[in-house]
S.K.: 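Quick one: this structure, given as structure tokens, is what I'll be asking you about.
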Protein chains: 2
Amino acid sequence: MNASTSDFPTGSTRMSEQMSDALPPSEQHVRQYAAVRNAHETELLEDYVELIGDLLKYQGEARSTDIAARMGVSQATVSKTVTRLKSQGLVDSQPYRSLFLTEKGEAMAEMARRRHAIVLQFLRALGVSDGTARIDAEGMEHHVSRETLEVMERFTRERGRD
Amino acid sequence: MNASTSDFPTGSTRMSEQMSDALPPSEQHVRQYAAVRNAHETELLEDYVELIGDLLKYQGEARSTDIAARMGVSQATVSKTVTRLKSQGLVDSQPYRSLFLTEKGEAMAEMARRRHAIVLQFLRALGVSDGTARIDAEGMEHHVSRETLEVMERFTRERGRD
DNA sequence: ATACTATCTTAGCCATGGCTAACTTTTTTC
DNA sequence: GAAAAAAGTTAGCCATGGCTAAGATAGTAT
């Protein structure tokens with residue numbers, strides 16, 4: 001099981017002083033859930049594109065095998081997803097050859113990479129251990145708005161760096 | 001071709017410094033993605049259970065209509081998901097009647113509610129606006145580990161301006 | 001009591017994202 | 001240069017999470 005589902009800090013939260021647990025107005029509530037569903041749609045594609053970009057950058061090549069190995073997924077699954085990436089104009093490749101990013105894919109990768117880095121550095125600046133920060137950043141990055149990213153960046157700049 | 005050899009282009013010994021964008025070792029990378037996939041599995045069920053708990057608490061009843069309206073989803077979708085919740089022993093209900101949480105569902109709801117509150121309060125304490133904090137918290141909450149939650153709690157307690 | 005309305009369920013569709021198994025192509029090795 | 005290994009693809013399975021349309025049940029008004 002996942003740490004984030006089974007574990008919980010034992011300290012009390014004093015949330016009774018705050019309305020944080022009251023139901024938001026319906027329309028706002030809908031927007032929240034819609035935002036989450038929306039993020040989920042692109043999440044996996046962003047992860048692929050980000051990983052492909054990193055592989056190209058650090059290993060010169062992005063092969064399906066490497067992706068499968070790093071994502072912990074079968075090659076067949078990678079193949080299928082890559083088809084989708086190509087149909088969305090994010091990736092370019094010849095059969096049985098290395099993968100490349102289109103301009104659009106490049107832009108998405110760069111955005112994802114930057115966002116990932118901001119979240120990761122923020123968590124570390126906050127005092128979270130490296131291993132945990134990496135895991136949490138991977139999951140959180142797709143759900144952090146522009147505004148929050150800016151706040152995180154500022155925080156890291158001002159108080160960060162141990 | 002495949003250079004599974006040097007994942008970490010060396011140079012800096014302190015990878016907490018500037019290595020934030022380098023590829024982590026494969027096994028660690030796999031763990032990161034696995035954690036995300038894992039979180040996704042329970043994410044929706046947690047959201048339902050949390051919402052049902054809130055509805056029971058603040059409206060006395062949890063009807064499919066309310067859930068559909070708040071989640072921005074069709075009643076049919078709610079019906080289907082509730083079937084799954086029941087099969088997992090999280091929810092209890094008679095056909096055409098209000099929904100209730102089992103003990104297990106109650107526990108999950110309580111956990112989700114507290115985690116949600118911690119993340120939300122943390123974001124606000126950080127300086128993120130309320131609307132954005134609500135949206136981001138909804139997406140982030142499922143990906144925040146116990147360790148990070150504790151750090152967030154401490155931060156809110158010490159520097160929080162509620 | 002009947003009819004209308006709101007709520008809930010079921011059936012059947014689609015896309016996504018996993019998997020295994022079987023096959024093809026490319027690369028390596030001898 | 002042929003055989004073996006590795007890499008990539010395709011086909012077909014499954015569960016999830018959306019949807020619409022149609023039917024069943026419950027609640028409310030007349």
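Heavy atoms only: backbone and side chains are in, while hydrogens, waters and symmetry mates are out. Protein chains get the first letters and strands the later ones, always in sequence-line order, with residue 1 at the start of each.
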S.K.: Looking at residues at least two apart in the chain, or sitting in another chain, which of them share a side chain to side chain contact (heavy atoms under 4.5 Å, CB included) with Ala133(B)?
M.R.: Leu120(B), Leu123(B), Arg124(B), Val128(B)
S.K.: Please list, pair by pair, any protein nitrogen or oxygen found under 3.5 Å from a nitrogen or oxygen in nucleotides 19-21 of chain C.
M.R.:
| unit_1 | atom_1 | unit_2 | atom_2 | d |
| --- | --- | --- | --- | --- |
| dC19(C) | OP2 | Ser74(A) | N | 3.0 |
| dC19(C) | OP2 | Ser74(A) | OG | 3.1 |
| dC19(C) | OP2 | Thr77(A) | OG1 | 2.7 |

S.K.: Would you mind reading off the distance between Met71(A) atom CE and dG8(D) atom C1', rounded to a whole angstrom?
M.R.: 16 Å
S.K.: Between Thr65(B) and dC8(C), is there a side-chain N or O to OP1/OP2 distance below 4.0 Å?
M.R.: yes
S.K.: Could you tell me which residues satisfy side chain to side chain donor-acceptor pair (under 3.5 Å) with Gln32(B), sequence neighbours excluded, listed by chain and number?
M.R.: Glu138(A)
S.K.: Suppose we screen for ring pair (Phe, Tyr, Trp, His ring centres under 6.0 Å). Which residues come up paired with Phe122(A), at least two apart in sequence or across chains?
M.R.: Phe155(A)
S.K.: dT16(C) C1' sits how many Å from Glu46(A) CD, rounded?
M.R.: 16 Å
S.K.: Could you check how far CD1 of Ile52(B) sits from P of dC8(C), rounded to whole Å?
M.R.: 12 Å
S.K.: So does Arg63(B) get a side-chain nitrogen or oxygen closer than 4.0 Å to the phosphate oxygens (OP1/OP2) of dC8(C)?
M.R.: yes
S.K.: With sequence neighbours excluded, tell me which residues meet side chain to side chain donor-acceptor pair (under 3.5 Å) with Ser79(A).
M.R.: none
S.K.: Can a donor-acceptor pair be found between the side chains of His116(A) and Glu141(A) at a distance below 3.5 Å?
M.R.: yes
S.K.: Strictly by salt bridge (charged side-chain N to carboxylate O under 4.0 Å, His left out), give each pair with a member in residues 60-69 of chain B just once, sequence neighbours left out.
M.R.: Glu61(B)-Arg63(B)
S.K.: Using atom CG of Leu44(B) as one end and atom C1' of dG18(D) as the other, report the distance to the nearest whole Å.
M.R.: 10 Å
S.K.: Does anything in residues 101-112 of chain A pair up under side-chain hydrogen bond (donor to acceptor under 3.5 Å, both in side chains), and if so which pairs, sequence neighbours excluded?
M.R.: Glu110(A)-Arg113(A)
S.K.: Between the protein and nucleotides 1-5 of chain D, are there any N/O to N/O pairs under 3.5 Å, and if so, what are the atom names and distances?
M.R.:
none

S.K.: Do you reckon Tyr58(B) sits in the same ILVMFWY cluster as Tyr33(A), going by side-chain contacts under 4.5 Å, direct or chained?
M.R.: yes
S.K.: With sequence neighbours left out, what residues match Thr132(A) under side chain to side chain donor-acceptor pair (under 3.5 Å)?
M.R.: Ser129(A), Glu147(B)
S.K.: Send over the distance from His40(B) NE2 to dT16(D) C1', rounded to a whole Å.
M.R.: 13 Å
S.K.: Roughly how many Å is it from CD in Glu61(B) to P in dA6(C), rounded to a whole number?
M.R.: 17 Å
S.K.: For DNA chain D, which residues in residues 85-101 of chain A have a heavy atom at a distance below 4.0 Å?
M.R.: Pro95(A), Tyr96(A)
S.K.: By ring pair (Phe, Tyr, Trp, His ring centres under 6.0 Å), which residues pair with His143(A), not counting sequence neighbours?
M.R.: His40(A), His143(B)
S.K.: Can you tell me the distance, in whole Å, between the CD atom of Glu41(A) and the C1' atom of dC14(C)?
M.R.: 13 Å
S.K.: Of all residues at least two apart in sequence or in a different chain, which pass the side chain to side chain donor-acceptor pair (under 3.5 Å) check with Asp92(A)?
M.R.: none
